[in-house]
Amino acid sequence: MSLTFDIHRRPDPATDERRAEILANPGFGQHFSDHMATATWTKGEGWHDAVVEPYGPISLMPSAAVLHYAQEVFEGLKAYRHEDGSVWSFRPEANAERMQRSARRLALPELPTDDFMASLKALVETDVAWVPAFGTGETSLYLRPFMYASEPFLGVRPANEVTYSVIASPAGAYFPRGLEPVTLWISEGYARAGRGGTGAAKTGGNYASSLAGQLEGIEHGCDQAVFLDSATHTAIEELGGMNLFFVTDDGRLLTPELTGTILEGVTRSSILELAKDLGLEPEERRIEIEEWKQGVRDGSIREIFACGTAAVVTPVGELRWEGGSAPSTAGDEGGEVTRSIRKALLDVQYGLAEDTRGWLTRLA
Ligand code: COI
């Protein structure tokens with residue numbers, strides 16, 4: 001039987017004035033709506049105690065397994081306001097299914113797709129006033145489902161008590177500089193994930209392991225780091241929080257193939273499907289970092305962009321590494337193909353183009 005979320009409204013929600021002030025300039029990941037959805041799993045009982053309750057601190061024992069062994073997975077998706085006031089999500093079942101795959105890899109219980117959807121609907125219906133208005137730029141209510149080992153136990157084994165929650169954060173553009181191309185640093189010393197590891201799962205540890213590489217990049221004047229495969233350190237994988245695409249001079253759209261060490265982005269797979277509509281030939285394969293360096297110099301690579309739920313489609317500019325750099329092909333705001341892919345996605349998400357693939361699900 002699927003979960004029903006009991007609604008416990010907070011007595012002291014944000015005032016209309018305070019909410020309007022936040023929605024006028026939400027930034028990314030800084031502000032949170034009034035409520036959160038939570039459910040508990042125990043080994044004997046399965047999923048139960050589903051509630052929407054006030055957003056606030058969570059109570060965990062210092063011995064909670066997640067704090068020691070990082071048994072945790074999460075998701076990221078957005079709720080978009082359409083012109084008629086309705087609120088929609090983009091391919092939420094893909095997030096539900098990826099969370100199930102991530103949970104299997106981290107030995108966590110799977111949350112059925114119906115329960116995942118019920119949690120999103122319950123939270124978004126309760127906090128619908130937190131979804132930014134239609135026509136206010138690239139704004140949305142960013143939804144962050146997450147699941148963690150809450151059992152207070154220090155033995156190393158899968159937890160017998162697990163908590164699932166969804167929080168909601170009104171969001172503007174992930175990169176405050178908008179479409180200005182990001183400069184990338186090749187992380188030569190740090191790999192993000194290895195064969196047989198957790199690279200394909202959306203788990204906090206992958207993001208933690210990307211931070212030292214990102215810091216190294218920032219120290220070299222870059223915005224983000226690009227990670228290479230851990231076996232040969234020659235093949236492009238991903239940025240840690242985003243997938244990469246390359247537009248060639250003969251109309252191909254290249255992206256690194258899924259090797260088990262790369263996150264299968266929902267935006268990545270949507271772009272691969274949209275490619276044909278835009279007259280591009282999608283190609284998933286191993287891509288050497290040398291191919292990038294060469295391609296931008298000889299003109300065979302015309303455009304490069306990164307993609308993810310949070311940042312949508314972001315032009316990539318210069319590539320730097322210890323002792324060298326490869327030039328940007330992105331101009332001031334990315335190339336024509338980058339911009340048309342970005343527009344095609346956003347138009348479906350905001351209800352400005354027909355949803356021919358059935359990608360949208362109404363939340364409120
Ligand atoms: C997303 O695009 O939703 C991500 O997961 C990237 C980052 C904010 C963790």
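Remember, it's 1-based here, ligands and their atoms both numbered in the order they're listed. Throughout, numbering of the chain's residues begins at 1 and tracks the sequence. Owing to the predicted nature of the structure, the values given are computational and were not obtained by experimental measurement.
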J.: Can we say E75 and R98 salt-bridge, meaning some charged N sits less than 4.0 Å from an Asp/Glu carboxylate O?
T.: yes
J.: With heavy atoms of Y142 as the reference, note each atom of ligand 1 found under 4.0 Å away.
T.: 1 (C), 3 (O), 4 (C), 5 (O)
J.: Any salt bridge between R192 and E237, counting N to O under 4.0 Å?
T.: no
J.: Under 4.0 Å from a heavy atom of Y174: which atoms of ligand 1 are those, numbered in the order shown and with their elements?
T.: 8 (C)
J.: Relative to the heavy atoms of Y207, which atoms of ligand 1 are at a distance of less than 4.0 Å?
T.: 9 (C)
J.: For atom 6 (C) of ligand 1, find the nearest protein heavy atom and state the residue, atom name and distance (0.1 Å precision).
T.: G241 O, 3.6 Å
J.: What residue and atom, counting heavy atoms only, is the protein's closest point to atom 2 (O) of ligand 1, and at what distance?
T.: A310 N, 2.7 Å
J.: Could you check whether Y142 and F28 have their ring centres less than 6.0 Å apart?
T.: yes
J.: Any Lys/Arg nitrogen of E303 or R339 sitting under 4.0 Å from an Asp/Glu carboxylate oxygen of the other?
T.: no
J.: If the condition is side chain to side chain contact (heavy atoms under 4.5 Å, CB included), which residues does S210 pass it with, not counting sequence neighbours?
T.: F227
J.: Which bit of K202 gets closer than 4.0 Å to ligand 1, counting heavy atoms only: side chain, backbone, both or neither?
T.: side chain
